[in-house]
Amino acid sequence: MAFAITQTCCTDASCVAACPVNCIHPTPGEADFATAEILYIDPRVCIDCGACADACPVDAIFPLESLSGPLAAYGEVNAEYYADRPTAAQRPDPAPIFHAWDPPSFDRVIPPDFPALDVAVVGSGPAGMYAVQDLLLHTSSRVTLIDRLPVPGGLVNFGVAPDHPSTKRISETFDRYRSHHRLRMRLGVEVGRDVTAEQLAASYDAVIYAVGAPTSRDLGVPGEDLPGSVGAITAVGWYNGHPDVADAALGLGGDRVVVVGNGNVALDVARILTTDPDDLAGTAISPAALARLRTSSVREVVLLGRRGPDVAAYTRPEMLALTRRDDVEVVVDDHDGLAGAIIDAGADKGGLLATAKREVLDHATPPPPGRRIVLRFSSMLEEITGTDAVDGVRVTGADGTATIPAGLVVRAIGHRGRPVPGLPFDEASGTVPHEGGRVVGASNAYVVGWIKRGPSGGIGANRADARDTVGTLLDDVVSGRLAPRRRSRDRGRVRGALRRLLARP
Ligand code: SF4
């Protein structure tokens, strides 16, 4: 009996390195790794050893016979990936069987006399922590981990949905580095407010910025700024108890919420707003959000997609989990017949909507009793309507214009980076310009994660990204481009002042 990888796979590929028979793909060296929604185990090759399950940081791997409920389909999902692929033994070059992916080592650039660096890492989310991990494991560097929030964790704490506890478990992997004897944490310290990039650059041999993409992308439509129109970052921060988000940030007095977008974050928001609060009680949800959900009037969440179900933004595992729920109805609003035609042809993304209820909905009438999530495709948002506050949205599609009343509109069309004072910033991409992670024009500043590559890729994508940036940093030291500075009296004074600044209550 084989194992299977399930919904919460973070694609950090720890399992790939652990598998003795090379049956987990795509590997980081394969073309489709960068776009993979999850990794897959080849059931024809798996020898049932369980090594991958032990290595998985988010508890996403289980024996097939133990899969039940929403996870039951993952045996099939894993097997489907290999339907038209040769087994490891049938591949023309069998050599990689026992070494599918050797985790790249820094040995190539680290001579025995490599100096102990003083490195500041700004941002304690996954990208920052993978960089910390590489620095602590592969060098004798001392690391100062800085975060603007009073608690570490970044997106793991405040971005992952509270009902995905397995994904949040990745923080256990990082905890061991947060308590490492060569790491100091400075929490509640913001670059640009409490300390400048120039001060950090003068005080450390290198500074790695892992500040993410902390704002929601704008829609650019009238009404976007009305009360009751919020970005997904606010909604996600609200149910995760983000210190910047007020308990009352989401108004749940109406019976319908519109979420603009149909990616995984949109699905997360829709799921949390429609789940029975009793089922959320044992999760990591913020107590204040849970209390408000208990008095919520929301019965329907409409997910608006600009394009059809064949190119929806959600990943298959997340939609699969949603369609397997029996407490919430998933309805496709087939307002123009286009979505239905695509679904009937089996061409919707992942082929999962064939079992979903299909209707042409009259949004002028209140939602029926019970809770439901409506998928409305091929709908272009024209305006968020309302006078003093949001009262709905106006959309156009092939069948004309429609108005959908709603008391809350959540904009979930992606994240965007924010400039870091003192660093260059590319407005078009919302990222810091860099070369292999080295900030363009800076002497010792580096970037990693979404502020480097833009807001794409899940937690695991940051592992290879951090390796790239830390590799560049170490190459720079070896080549002499980055010279670790000797401790001078001047530098000592700057460091002392900075230490007092960062240590203040
Ligand atoms: Fe590979 Fe063993 Fe996991 Fe099967 S159970 S995928 S053989 S590590």
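Numbering of ligands and ligand atoms starts at 1, following listing order.
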**Request:** Working to the nearest 0.5 Å, report the span between CD of E37 and OG1 of T11.
**Result:** 10.5 Å
**Asked** Any salt bridge between D205 and R142, counting N to O under 4.0 Å?
**Response** no
**Prompt:** Is the shortest distance from a Lys or Arg side-chain nitrogen in R453 or D465 to a carboxylate oxygen in the other one below 4.0 Å?
**Reply:** yes
**Item:** Near atom 1 (Fe) of ligand 1 (under 2.8 Å) - protein N, O or S atoms
**Value:** C19 SG
**Asked** Quick one: which of V121, V191, V448 gives a side-chain contact (heavy atoms from CB on, under 4.5 Å) with Y209?
**Response** V191
**Asked** What is the ring orientation for H25 with Y82, classed by angle as parallel under 30°, tilted 30 to 60°, or perpendicular over 60°?
**Response** perpendicular
**Message:** Working to the nearest 0.5 angstrom, can you tell me the gap between L145 CG and R184 CZ?
**Reply:** 13.0 Å
**Request:** Would you indicate which of G50, A53, P63 comes nearest to atom 5 (S) of ligand 1 when only heavy atoms are counted?
**Result:** G50
